[in-house]
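The structure appears right after this line, and notes come after that.
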Amino acid sequence: MNRLLEKFFIFLLLGALLGLFFSIYWNTEITDHEEDWLKTQKDRKDSLHSICQNKNFSSSEKKLDEYVARQLFVDENYKFIYCEVPKVGCSIWKKIVLLLTLNLSRDVFEVNQDEIHKTNLLKRLSSYPSKQQQELLNSFTKVMITRHPLERLVSAYRDKFLHLEPYYSITVANEIKALFRKNKNLTGNVTFQEFVNFVVTRDTKHLDIHWKPMFQLCDPCNIHYDILGKYETLDQDVSHVLSRIKAPQRVRYPNSKLYTERTNKDITTQYLKKLNWDQIQKITDVYQMDFSLFNYSFTVRMEMSF
Ligand SMILES: *[C@@H]1O[C@H](CO)[C@@H](O)[C@H](O)[C@H]1NC(C)=O
Ligand SMILES: *[C@@H]1O[C@H](CO)[C@@H](O)[C@H](O)[C@H]1NC(C)=O
Ligand SMILES: *[C@@H]1O[C@H](CO)[C@@H](O)[C@H](O)[C@H]1NC(C)=O
Ligand SMILES: *[C@@H]1O[C@H](CO)[C@@H](O)[C@H](O)[C@H]1NC(C)=O
Ligand SMILES: *[C@@H]1O[C@H](CO)[C@@H](O)[C@H](O)[C@H]1NC(C)=O
């Protein structure tokens with residue numbers, strides 16, 4: 001009898017494994033109307049703050065974390081501060097800040113990538129004396145934009161390891177291969193599975209900025225962002241930010257539908273399907289706070305098929 005049950009159970013388990021089926025739920029509250037948009041903002045902030053309190057994530061210390069202060073960029077003219085979360089359309093933000101600061105009327109796409117990185121117009125909050133840092137935080141409009149944690153992870157993997165960015169596709173890639181390839185064959189790209197194994201074995205504090213959990217980059221439990229934007233609703237969120245800071249009409253965020261080969265939900269799902277159950281659990285654990293604070297979800301459904 002026990003044997004039979006055991007066999008039946010194994011059979012069920014195999015069936016379930018074969019039918020692993022992923023679904024990622026996006027938040028796509030598309031709200032162009034000011035009132036709806038404000039309501040959504042309020043919901044996002046309320047939900048974040050209540051989770052911060054429940055988890056006891058707000059520290060009583062007033063002091064701003066030095067690491068976080070380096071993630072925050074300040075624009076004095078338009079009085080806003082935005083937190084940089086790489087892989088969340090951040091270089092476009094830098095372009096906007098540049099256009100605003102230089103008072104140029106150019107399409108953000110025309111601004112050269114090198115121009116941005118060379119410029120020192122973008123000041124980090126950390127470059128101000130600490131007393132002034134707090135004043136700026138209290139008076140400027142603070143913005144943070146998030147993205148589905150696993151989509152951001154896949155996007156980082158594709159950008160850094162499949163495109164030829166030497167630091168990642170050589171240096172970091174070799175580190176990962178040395179750790180996870182038993183045969184020490186270092187040819188070929190780092191696979192997504194290898195990348196995930198690497199991410200889950202590190203302390204999140206020491207993860208690269210491109211895949212470090214978003215809440216650790218921007219500390220939203222202690223910095224009360226005025227605007228919590230999402231990549232998933234980027235067009236509306238950015239246009240509201242621009243009008244909130246009274247940016248001139250000529251500075252526009254490009255419609256995100258313009259980009260094509262971006263990492264989207266389908267591509268993300270394809271990559272996630274390469275992972276085993278253990279990897280899925282570990283990687284969702286890494287981003288657990290990002291999932292809950294920013295209201296993203298991810299479920300693996302088992303489909304029984306006989
Ligand atoms: C969280 O996401 C769900 C599903 O996308 C949505 O219905 C709900 O309103 C969101 N909650 C908050 C507080 O934003
Ligand atoms: C919250 O954390 C602080 C220290 O960071 C601790 O003193 C306090 O007891 C904690 N509260 C709860 C309810 O866990
Ligand atoms: C920015 O440029 C516009 C014309 O392109 C001009 O009208 C405006 O006064 C300028 N603003 C500043 C602050 O220089
Ligand atoms: C290393 O792996 C690549 C593909 O992954 C393969 O083509 C190559 O033959 C391997 N080299 C050795 C020495 O095993
Ligand atoms: C590595 O990935 C790139 C981009 O997808 C691809 O063009 C290339 O063929 C891959 N290299 C190997 C050795 O698989």
Side-chain angles (χ1 to χ4, degrees), residues 22-33 35-55 57 87-88 143-178 180-181 183-196 198 210 214-215 218 220-221 224-234 236-237 240 260-274 284 287-301:
F22 298 89
S23 42
I24 298 176
Y25 292 109
W26 261 229
N27 232 352
T28 40
E29 317 120 88
I30 305 291
T31 48
D32 262 334
H33 300 292
E35 250 173 62
D36 294 343
W37 186 81
L38 289 172
K39 164 96 173 52
T40 304
Q41 282 296 311
K42 185 174 183 306
D43 290 346
R44 288 179 187 174
K45 285 186 261 182
D46 288 351
S47 146
L48 182 135
H49 291 152
S50 78
I51 295 163
C52 289
Q53 277 184 339
N54 276 340
K55 306 245 173 185
F57 253 72
K87 310 312 315 148
V88 187
V143 184
M144 173 179 182
I145 299 187
T146 58
R147 183 178 187 177
H148 191 286
L150 299 181
E151 192 185 76
R152 174 169 169 258
L153 181 77
V154 169
S155 169
Y157 166 74
R158 296 176 76 216
D159 271 15
K160 300 299 173 198
F161 296 101
L162 300 186
H163 299 149
L164 293 175
E165 202 174 315
Y167 171 67
Y168 292 96
S169 65
I170 298 171
T171 314
V172 181
N174 284 338
E175 187 189 341
I176 297 178
K177 290 174 196 172
F180 296 104
R181 290 193 187 170
N183 61 8
K184 302 294 169 211
N185 180 350
L186 300 188
T187 55
N189 295 327
V190 164
T191 65
F192 184 62
Q193 295 92 308
E194 288 169 335
F195 173 60
V196 167
F198 176 71
H210 297 89
M214 297 178 282
F215 86 98
C218 302
C221 286
H224 299 289
Y225 290 95
D226 302 282
I227 295 173
L228 291 175
K230 287 195 171 185
Y231 188 81
E232 293 74 16
T233 53
L234 198 60
Q236 309 131 46
D237 292 342
H240 280 94
T260 44
E261 21 94 24
R262 296 242 134 184
T263 302
N264 56 26
K265 192 168 166 174
D266 290 338
I267 293 175
T268 304
T269 307
Q270 278 172 31
Y271 277 94
L272 295 176
K273 281 185 170 166
K274 300 176 188 203
T284 45
Y287 296 106
Q288 200 215 332
M289 280 306 289
D290 280 353
F291 278 106
S292 60
L293 291 172
F294 310 117
N295 192 26
Y296 286 104
S297 55
F298 171 70
T299 51
V300 179
R301 275 186 277 162

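What's counted below: heavy atoms across the whole structure, side chains too, no hydrogens, waters or symmetry copies. Start at 1 and go down the list; that is how both ligands and their atoms are numbered. Please read all numbers here as calculations on a predicted model, not as lab measurements.
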- Message: Please state which option from Thr191, Leu162, Asn189 has its nearest heavy atom closest to atom 2 (O) of ligand 5.
- Response: Asn189

- Go through ligand 1 atom by atom and flag the ones less than 4.0 Å from a non-hydrogen atom of Asn295.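 This gives 1 (C), 2 (O), 3 (C), 8 (C), 10 (C), 11 (N), 12 (C), 14 (O) as the contact atoms.
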
- Give me the ring orientation class for His148 and Phe298: parallel if the planes are under 30° apart, tilted from 30 to 60°, perpendicular past 60°. perpendicular

- Does NZ or CZ of Lys274 fall inside the cone over Tyr271's six-membered ring, less than 6.0 Å from its centre and within 45° of the axis? yes

- Message: I want to check a possible cation-pi pair here: Lys160 against Tyr167, using under 6.0 Å from ring centre and within 45° of the ring axis as the test.
- Response: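 The answer is no, since Lys160 fails at least one limit relative to Tyr167.
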
- Item | Distance flag for atom 14 (O) of ligand 5, protein heavy atom under 4.0 Å |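 Yes, because at least one protein heavy atom sits under 4.0 Å from atom 14 (O) of ligand 5.
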
- Item | 4.0 Å protein heavy-atom contact status of atom 9 (O) of ligand 5, strictly under | no

- Message: A side-chain contact here means heavy atoms from C-beta on lying under 4.5 Å apart; do Met144 and Met214 qualify?
- Response: yes

- So do Ile267 and Arg158 actually touch side chain to side chain, heavy atoms under 4.5 Å? yes

- Query: Judging by distance only, is a nitrogen or oxygen of Arg44 under 3.5 angstrom from one on ligand 1?
  - Reply: no

